[in-house]
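Note sheet for the following structure.
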Amino acid sequence: MLRAVFVRTLKPGVTDEEFIQAWLPPGVTRHSYPSGVSISHSITDERQIISIFEVDATPQDFPQVLASLVHPDSAARLAEIVESTQLEAVFEDTATFGSRQPLSHDDR
């Protein structure tokens, strides 16, 4: 399992929907997207987001798989709404454990 991770600061006023539509491939919806995705906002800066894409591929296959995950013009489209990118990297799982259920306030 690979995880493509991006930390970006959006331009003022950009919504999650605008951000998603900038990279979502043509003809694909959130429900038909071929990978797991999570988008989270910083608790100290609403404009800073982290996007994590879970991709079932090998590092060697990732460049070909990537083409199916983003709009052909995603770089130009994102440049219009992203102020800066702090991290753009792909990581390979080496250990996975624990519950994927959110920790509730009662469990802390």
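Start at 1 with the first residue, then count along the sequence. What you are looking at is a predicted structure, and each value in this text was computed from that prediction instead of being measured.
The shortest heavy-atom contact between V82 and K11 is O-CE, 3.7 Å. For the pair F19 and V14, the tightest heavy-atom approach, listed with the atom from each and the gap, is N-CG1, 4.3 Å. The heavy-atom pair separating S68 from P25 by the smallest distance is O-CG, 3.5 Å. For S84 against Q86, the heavy-atom pair with the smallest separation is OG-NE2, 2.6 Å. E18 approaches G13 most closely through the heavy-atom pair OE1-O, 3.7 Å.
In the displayed structure, D56 atom CG is contacted under 6.0 Å by at most 12 heavy atoms of other residues, nucleotides or ligands.
The shortest side-chain heavy-atom distance between P59 and V90 does not fall under the 4.5 Å cut-off. Between V7 and I49, the closest side-chain pair of non-hydrogen atoms is not below 4.5 Å. Looking only at side-chain heavy atoms (C-beta outward), I50 and R8 stay at 4.5 Å or farther from each other. Under the 4.5 Å side-chain criterion, counting only non-hydrogen atoms from C-beta, P34 is in contact with L69.
In this structure, a donor-acceptor pair under 3.5 Å is absent between the side chains of T94 and E92. Using a 3.5 Å distance cut-off with no hydrogens or angles, the side chains of S35 and E54 do not pair a donor with an acceptor.
Note that the CD atom of E88 and the OG atom of S51 stand 10.5 Å from one another [nearest 0.5 Å]. One finds the OG atom of S32 at 7.5 Å from the CG atom of L24 (value rounded to the nearest 0.5 Å).
When the side chain to side chain contact (heavy atoms under 4.5 Å, CB included) test is applied to I43, no partner is found at least two apart in sequence or on another chain. Under the ring-ring contact (aromatic ring centres under 6.0 Å, His included) criterion, F53 pairs with F6, W23, not counting sequence neighbours.
Under the 4.5 Å side-chain heavy-atom criterion for grouping Ile, Leu, Val, Met, Phe, Trp and Tyr, V37 is connected to V28 within one hydrophobic cluster. The hydrophobic clustering, which links ILVMFWY residues whose side-chain heavy atoms are closer than 4.5 Å, places Y33 and V5 apart.
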Only distances under 3.5 Å count here; give the side-chain donor-acceptor pairs of residues 74-81 to other protein atoms, sequence neighbours excluded, each with its distance to 0.1 Å.
from	atom 1	to	atom 2	distance (Å)
S74	OG	H71	O	3.2
R77	NE	A22	O	3.0
R77	NH1	H71	NE2	3.3
R77	NH2	Q21	O	2.6

side-chain hydrogen bond (donor to acceptor under 3.5 Å, both in side chains) evaluation trace for D61 with T58
CA-CA 5 Å; D61 293 337; T58 66; 3.2 Å; yes
